**Q** 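Here it is: the structure, laid out below.
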There are 2 protein chains.
Amino acid sequence: MDTGFHRGSGGHVTRAGTRQSIRHVNDVLLREWSEDEREVASIRRIRGLGVRGDIAFHAPRFNDDMSRGRPMKIQSRATLEDVARLAGVSAKTVSRVYSNSPRVLPETRERILDAAKRLRFRPNTLARSLRQGGKTDTVAFVIGDIRNPFYFHVAAGIEQELAKRGFTMLLASTGDSPESEPVVVNALLGQLVRALLLIPIAGDQSYLEGERQLGTPVIAVDRPATDLVADSVVLANRAGMADAVRSLTALGHRKVGFVSNPSEMYTLAERLAGYRQALREVGVLETTTWERLDNDPQITPESQVRSLLDSSDPPTAIVTGNNRATMGALRELRERNDQVALIGFDDFELADMLGISVVAHDPVELGRAAGRLALERIESPSGPTRTIEIATRIVARGSGEIPPSR
Amino acid sequence: MDTGFHRGSGGHVTRAGTRQSIRHVNDVLLREWSEDEREVASIRRIRGLGVRGDIAFHAPRFNDDMSRGRPMKIQSRATLEDVARLAGVSAKTVSRVYSNSPRVLPETRERILDAAKRLRFRPNTLARSLRQGGKTDTVAFVIGDIRNPFYFHVAAGIEQELAKRGFTMLLASTGDSPESEPVVVNALLGQLVRALLLIPIAGDQSYLEGERQLGTPVIAVDRPATDLVADSVVLANRAGMADAVRSLTALGHRKVGFVSNPSEMYTLAERLAGYRQALREVGVLETTTWERLDNDPQITPESQVRSLLDSSDPPTAIVTGNNRATMGALRELRERNDQVALIGFDDFELADMLGISVVAHDPVELGRAAGRLALERIESPSGPTRTIEIATRIVARGSGEIPPSR
DNA sequence: CTGTTAGCGCCTTCAC
DNA sequence: GTGAAGGCGCTAACAG
């Protein structure tokens, strides 16, 4: 609707349409801002604002100062056109300045940047992306349980790589619920993310097939995707665990326990496979007696270790499937005074002080690799899918170097 | 440029403009997709795709299959209009379905949803936001060092709250460099984020004043913003530390050491103030002898503690400014066998097992509070700024309950 | 080196 | 209950 406000005298208004009026309002704004700027300059150095008790009001969006006979002032964002008008050029020229097109006279560029600064202009990335066929510079990373520190380290690595190329990371979590994965992912895809990195949670990522065909790279992190052709970055779970067990068997251990909960996940299944393989290599074919595999969050690793040590034929060494299991094993072993060797999967803080040997890996590096893969795919979408394995390494700190006591 | 392709015979083409051609190509696409769908259905259940060695090619964006005399097929995303055409309605009706407008016949809605599904339609959030005056549903969170687990827990809390209302979190880091803060933040603001949460790193956030006036809520997390009127969410640093020191003085401690590096940051300055205050309450006015404050990342907390214990008048208790200092103190104290009481700020994993008393807080709750505050501000931008303090609590585990030995 | 025109995909306004 | 026209802020294509 026409606000009914037109500036100046003379010259009849040809079209009193919406656009026209908005422009007028923005014209007012142009004047306003010059005033504002002085004001801001004086505000810039508000000192002594303490932490508590200060009362300050957020600026209301509409400042209906009718006292000077002016209409409602809309504090809207400056656009290319506003800047262009102030600089006395066309919108396209301003656009060129912001897209780093070299074809602008230094002098013109200067004038434009000055005008932009005065209007506090900031290019609207959304509009740009829309015009450019939905090419945003955001990449989505979808994780399960957002509290898991592992994922955050991975996220750190991803963000680090993406930032190098000016991409930003949209982080979303599915709360570890398989059903919400497609929901969350679809919402992100609607934002036209340039690539999708995800820790597959749902049993099946085939719902992404269409998106992949449209050219959005999909990269599975930490576990491979199921029913979807996608790149992936995973840890050397199997090899890492096999190496750990080999280091134990080299010391003479044959009765090696494996503790894990959950145990059905891809990563843990792989680690279990590595464990079995290494024992098979020294002739131990039957390992189930020393395996404590559960998939019930109620069951603590402590109880799993207890059941292992209290059994008729207790192991002389224990390897754990993950961080949490290691902590549990550690607590349980400390209570007893058993000379049981222990190697944990995943490193943790203070492990050095406690002398715990672990299969360490670098989650940040995992993220970096995933980020780099995403960037490569963005640049060249075609080519065979790849799976990158991030190496693990054994860090000997004592607990894993105890020879069999029995 | 006109692609030169026009479908069918009869009927002369009135305007052979770009738009026209694109529409034609999309018409072709409509046919193509039906074929694709069958194909996809058969692809859906690719089984047995192993982790490594599988070769599959990403679909090239252009499929120049000229063999059947067809033009380049553009695998573009389906739009409202495409869905509308397939469903035999106007684009607006489809739009209504997706904006949950009730004014659509159930039958029509059904037909539209069916068409949308067939075309794998996903509403373009960018375009929607643009049209709606730049109201996105993303909120930015800017942190310093992305590896700091504390920030990730905060991020977790924020994301958790935001997700409840359908907002997604854009996470960016400044790499702890004050100069890059404005750069990163400005880039995010160009994405028209609905609110900005940040851990202030730069010495001055006055550059955000304009944005705030445009109605974007700014929320400072963990530290207050400088030179900017903004809401903030911080820990009860001062009170928490004061309580810790009081628990020590209650046991008779008077010589209490304070170890921190860095020490000039807001949070640490607050904790230091709490420490001094609590000692002043029991008549200890001169505390600098027992303070080890540094701002050099080269200096380890271990060395700080060492210098404290090796001094002529060593403290009988130590409080630490943060996690890292606690670890250092712990390592150093373990090497000696001194009966020095220790209370750390920040809880950490295994602190229970090691019997370390701490001033604990909940970073996830800090994030949640920040997220809720952001949501409130989005809904009602005006009103006085607020500072929320997240309570801390002392967790007694033994190390802090040792009476003075000398 | 700069300007003009049209349109990205969607939604608002208004008409039927 | 549905449709047609126009524009959000920007840039590609073309023209000068």
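All heavy atoms count here, side chains included; hydrogens, waters and symmetry mates do not. Computed from a predicted model, the values in this text were never measured in an experiment. Naming convention: chains lettered A, B, ... in sequence-line order (proteins, then strands); numbering from 1 in each chain.
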**Q** In terms of side-chain heavy atoms, does A:Glu181 have a donor or acceptor partner in A:Thr174 at a distance below 3.5 Å?
**A**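 No, because no side-chain N or O of A:Glu181 sits under 3.5 Å from a partner of the opposite role on A:Thr174.
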**Q** If you measure only the distance, is there a donor-acceptor pair under 3.5 Å linking the side chains of A:Thr138 and A:Thr136?
**A**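 Result is yes, a qualifying pair exists.
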**Q** So, does the side chain of A:Arg128 form a donor-acceptor pair with the base of D:dC10 at under 3.5 Å?
**A** no
**Q** What is the distance from CZ of B:Arg77 to P of C:dC10, rounded to the nearest Å?
**A**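 Atom CZ in B:Arg77 sits about 10 Å away from atom P in C:dC10.
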**Q** Distance check: side-chain N/O of A:Gln132 vs OP1/OP2 of D:dC10, anything under 4.0 Å?
**A** no
**Q** Which parts of residues 89-98 of chain A get close to DNA chain C, meaning a heavy atom less than 4.0 angstrom away?
**A** A:Val89, A:Ser90, A:Lys92, A:Thr93, A:Arg96
**Q** Tell me the interatomic distance from B:Leu126, atom CG, to D:dC10, atom P, rounded to whole angstroms.
**A** 13 Å
**Q** Sequence neighbours left out, what passes salt bridge (Lys or Arg N to Asp or Glu O under 4.0 Å) with B:Arg372? Give chain and number order.
**A**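 For B:Arg372 the salt bridge (Lys or Arg N to Asp or Glu O under 4.0 Å) partners, ignoring immediate neighbours, are B:Glu161, B:Glu365.
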**Q** With rounding to the nearest 0.5 Å, note down the distance linking OH in B:Tyr207 to CZ in B:Arg212.
**A** 14.0 Å
**Q** Using a heavy-atom cut-off of 4.0 Å across all strands, would you classify A:Thr108 as base, sugar-phosphate, or nothing?
**A**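 Result for A:Thr108 = sugar-phosphate.
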**Q** Rounded to the nearest angstrom, tell me the gap between atom CD in A:Glu81 and atom C1' in D:dT11.
**A**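 Distance check: A:Glu81 CD to D:dT11 C1' gives 13 Å.
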**Q** Is it the case that B:Asn124 and B:Arg77 place a side-chain donor and acceptor less than 3.5 Å from each other?
**A**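 Checked: B:Asn124/B:Arg77 side chains show no N/O donor-acceptor pair below 3.5 Å.
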**Q** Please report the distance, rounded to the nearest Å, between CZ in B:Phe121 and C1' in C:dG9.
**A**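 That distance rounds to 9 Å.
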**Q** For DNA chain D, determine which residues of residues 186-196 of chain B have any heavy atom closer than 4.0 angstrom to one of its atoms, and list them numerically.
**A**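 Within this stretch, nothing sits under 4.0 Å of the strand.
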**Q** Rounded to the nearest angstrom, tell me the gap between atom CZ in B:Arg131 and atom C1' in C:dG9.
**A**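 The answer, rounded to whole Å, is 11 Å.
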**Q** Without swapping roles, check the side chain of A:Thr93 against the backbone of A:Val89 for a donor-acceptor pair under 3.5 Å.
**A**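 No; judged by distance alone, with no hydrogens or angles, the pair does not exist.
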**Q** Rounding to an integer number of Å, can you tell me how far B:Leu130 CG sits from C:dC11 C1'?
**A**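 Nearest whole value for this atom pair: 10 Å.
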**Q** Whole angstrom is fine here: how far is it from CG in B:Leu105 over to P in D:dG3?
**A** 11 Å
**Q** Treating A:Ser95 as the side-chain partner and A:Ala91 as the backbone partner, does any N or O pair qualify as donor plus acceptor under 3.5 Å?
**A** no
**Q** We want to know whether B:Ser173 and A:Glu159 form a side-chain donor-acceptor pair, criterion being a heavy-atom distance below 3.5 angstrom.
**A** yes
**Q** Could you tell me how far apart A:Ile112 (CD1) and D:dT11 (P) are, to the nearest whole angstrom?
**A** 12 Å
**Q** Check whether A:Asn186 reaches the backbone of A:Pro182 with its side chain - one donor and one acceptor, N or O, closer than 3.5 Å.
**A** yes
